[in-house]
2 protein chains.
Amino acid sequence: MGSTTRRGVARPAVPPAEPKYRQLRTALADALDAEFSVGQVLPDERTLAARFGVARATLRQALDQLELDGRLQRRRGVGTTVAPPRVGVDVSPARQAWPGAADDPWTVTGCALLPAGPAVATALAVPRGTQLPTISRTLVADGQPVATERLYALPSPRPADGPPDAAELLAALRRQPLEGQDRAVELGSADAEQSASLDRLPGAPVLLVTTRYSTAGRVAALSLATYRADTCRLTFGDQRLALTTG
Amino acid sequence: MGSTTRRGVARPAVPPAEPKYRQLRTALADALDAEFSVGQVLPDERTLAARFGVARATLRQALDQLELDGRLQRRRGVGTTVAPPRVGVDVSPARQAWPGAADDPWTVTGCALLPAGPAVATALAVPRGTQLPTISRTLVADGQPVATERLYALPSPRPADGPPDAAELLAALRRQPLEGQDRAVELGSADAEQSASLDRLPGAPVLLVTTRYSTAGRVAALSLATYRADTCRLTFGDQRLALTTG
DNA sequence: TAGTGGTCTAGACCACCCT
DNA sequence: GGGTGGTCTAGACCACTAA
């Protein structure tokens with residue numbers, strides 16, 4: 001073929017060959033910084049794709065990444081807007097407390113007996129499928145739902161005492177001394193139920209926070225919370241610092 | 001049109017109409033649980049797509065989500081394999097210490113003077129573009145790189161003292177009393193440099209951990225660490241607990 | 001009803017890894 | 001060279017929102 005590659009176009013050296021959607025992402029990110037303000041709506045995808053001379057699918061790849069980075073917000077039937085900075089949500093385990101304390105910002109949305117799935121069963125050291133009292137809660141910040149949580153407690157020593165009551169369940173937990181608490185954060189994707197609560201589509205990226213509350217040497221409660229990854233930032237604060245977030 | 005919708009197919013009620021890639025995701029997840037073990041390679045995408053009767057792009061949407069959930073691992077030119085459970089990485093700010101302490105598992109990979117970007121400048125309260133001494137480090141777990149970090153320090157009081165030295169820089173930080181430290185976690189996508197260190201493609205999802213080290217009432221150092229979101233789970237442990245992770 | 005983002009298709013070619 | 005996942009296209013239709 002001689003000294004040509006790719007449809008006969010001469011190449012003096014080996015370029016890094018950054019994919020098109022990546023260059024697009026950069027171009028859009030720069031434009032966002034320079035010419036757009038928070039809340040402003042972008043041109044629609046078909047127009048943008050035509051303007052940049054790419055297929056709509058390619059443009060969407062670039063938009064997907066910008067959305068992952070929290071820079072854009074897309075709503076079906078409405079359009080794409082420049083996203084505001086992420087909301088900081090304090091999830092520091094430093095402040096050791098049972099859920100439902102006085103200053104707890106979560107709102108109870110439901111309460112039920114549910115069977116323990118594999119992960120919950122091992123964490124609470126109960127047989128798989130055990131019926132556990134659970135509480136569903138949501139967290140709202142700036143008028144938007146940012147997280148949903150399912151709290152699993154150990155089964156009551158006196159079972160079959162009717163449907164569980166959320167306030168009672170939380171009170172029962174608070175009566176025990178909280179010995180310790182630890183957290184883990186990982187990436188996940190919202191299931192149907194979670195995405196409905198969070199006003200997102202199924203599969204939307206979420207930050208999954210697992211909290212184990214322990215008392216008397218064993219895990220007494222387990223919280224599985226999912227935070228909207230596009231709109232919030234989890235902060236693990238330090239009481240000795242009082243600085244505004246950059 | 002009478003009582004029909006969608007190409008004349010009668011519908012008794014309004015089904016939730018879950019998208020095809022979502023049903024595929026569920027089917028694949030179930031198959032993964034039932035018939036596959038960690039490390040096993042899946043059939044290639046073209047075969048899978050044909051087997052499920054969908055276009056390859058649709059199948060890939062399902063695989064994308066499973067990869068986001070850490071259940072699959074895809075490598076170009078090789079294939080798709082069942083991913084091992086995520087690695088837990090301790091990032092608890094409870095253990096207050098400057099980076100580079102004796103038990104610090106990070107490895108220094110570079111050291112340079114770099115201008116402060118917007119985010120770094122505001123966090124460290126220096127003018128934008130200020131030349132700051134920086135250290136690049138990586139974290140390896142189970143033989144795989146799981147995170148890269150850039151540590152920004154305040155400029156030396158005696159500037160222009162030649163290129164910075166990593167060991168010296170860390171020692172200088174340790175000489176100061178560490179007053180406080182706080183962290184934030186958010187979702188991001190890897191840039192070209194980060195993705196190269198992490199053995200991933202650009203744009204891969206990462207967990208971005210921002211740590212501020214403060215002394216004498218101000219932030220003295222800032223760490224921006226990116227963790228592979230597909231392979232690791234950040235843990236904020238509690239010394240009072242010694243339980244194996246579920 | 002018009003316009004938006006979301007889903008889906010059928011194909012092509014590229015970059016990379018292995019043998 | 002042959003097979004894998006990654007990128008890209010040009011089009012179609014669907015689901016949702018708002019005028």
Side-chain angles (χ1 to χ4, degrees), chain A residues 1 4-9 11 14-25 40-50 52-67 72-81 83 189-190 192 195-196 199-204 230, chain B residues 1 4-9 11 14-25 40-50 52-67 72-81 83 189-190 192 195-196 199-204 230:
Chain A
M1 280 278 188
T4 63
T5 62
R6 285 201 203 180
R7 301 180 224 182
V9 177
R11 299 292 200 108
V14 182
E18 197 168 41
K20 206 177 274 190
Y21 75 86
R22 203 95 249 277
Q23 305 173 25
L24 243 183
R25 196 200 94 101
Q40 193 171 350
V41 305
L42 271 63
D44 72 89
E45 298 184 350
R46 289 162 182 85
T47 303
L48 278 178
F52 285 99
V54 299
R56 192 178 155 219
T58 305
L59 173 81
R60 280 180 59 80
Q61 259 188 292
L63 294 183
D64 284 345
Q65 290 203 359
L66 289 169
E67 201 180 16
L72 291 181
Q73 206 163 332
R74 291 192 281 185
R75 270 178 304 167
R76 168 155 47 178
V78 179
T80 302
T81 57
S189 58
S195 58
D199 192 23
R200 297 256 63 197
L201 291 168
D230 56 340
Chain B
M1 282 273 188
T4 65
T5 61
R6 284 203 202 180
R7 302 182 222 177
V9 177
R11 298 293 200 109
V14 183
E18 197 168 42
K20 206 178 276 192
Y21 75 86
R22 203 101 248 279
Q23 305 173 25
L24 243 183
R25 195 200 95 103
Q40 193 170 351
V41 305
L42 270 63
D44 72 270
E45 298 184 349
R46 290 160 181 87
T47 302
L48 277 177
F52 285 99
V54 298
R56 191 177 154 219
T58 305
L59 173 81
R60 280 181 60 81
Q61 259 188 292
L63 295 184
D64 283 344
Q65 289 203 359
L66 289 170
E67 201 180 16
L72 290 181
Q73 207 163 331
R74 290 191 282 185
R75 272 178 304 169
R76 169 155 48 178
V78 178
T80 303
T81 58
S189 58
S195 58
D199 191 23
R200 296 255 65 198
L201 291 168
D230 55 341

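Per chain, numbering begins at 1; letters A, B, ... match sequence-line order.
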side-chain hydrogen bond (donor to acceptor under 3.5 Å, both in side chains) involving A/Gln40 - partner list, sequence neighbours excluded: A/Ser37
Rounded to whole Å, the CG-P distance (B/Leu63 to D/dG5) equals 8 Å
In whole Å, I'd like the distance from the CG atom of B/Asp199 to the P atom of D/dG5. 16 Å
A/Arg75 atom CZ is separated from C/dG5 atom C1', nearest whole Å, by 12 Å
Residues in side-chain contact (heavy atoms from CB on, under 4.5 Å) contact with B/Ala204, at least two apart in sequence or another chain: B/Arg200
Of all heavy-atom pairs linking B/Leu48 and B/Pro43, the shortest is CD1-O, 3.5 Å
Partner set under salt bridge (Lys or Arg N to Asp or Glu O under 4.0 Å) for A/Arg22, not counting sequence neighbours: none
Test salt bridge (Lys or Arg N to Asp or Glu O under 4.0 Å) applied to B/Arg74 - qualifying residues, sequence neighbours left out: B/Glu45, B/Asp64, B/Glu67
Rounded to whole angstrom units, what separation is found between the CD atom of A/Gln73 and the P atom of C/dT4? 18 Å
Nearest whole angstrom, please: distance from the P of D/dG6 to the CG of A/Asp64. 15 Å
Rounded to whole Å, the CZ-P distance (A/Arg46 to D/dC14) equals 14 Å
Under 3.5 Å, N/O pairs linking protein and nucleotides 7-10 of chain D:
residue : atom : partner : partner atom : Å
D/dT7   : OP1  : A/Tyr21 : OH           : 2.8
D/dC8   : OP1  : A/Lys20 : N            : 2.3
D/dC8   : OP2  : A/Tyr21 : N            : 3.1
D/dT9   : OP1  : A/Lys20 : NZ           : 3.2
D/dT9   : OP2  : A/Ala55 : N            : 2.9
D/dT9   : OP2  : A/Thr58 : OG1          : 2.4

Atom CG of B/Leu42 and atom P of D/dG5: how far apart are they, to the nearest Å? 9 Å
Interatomic distance where CZ belongs to B/Arg74 and C1' belongs to D/dG3 [whole Å]: 16 Å
Could I get the full list of side-chain contact (heavy atoms from CB on, under 4.5 Å) partners for A/Arg46, not counting sequence neighbours? A/Asp44, A/Arg56
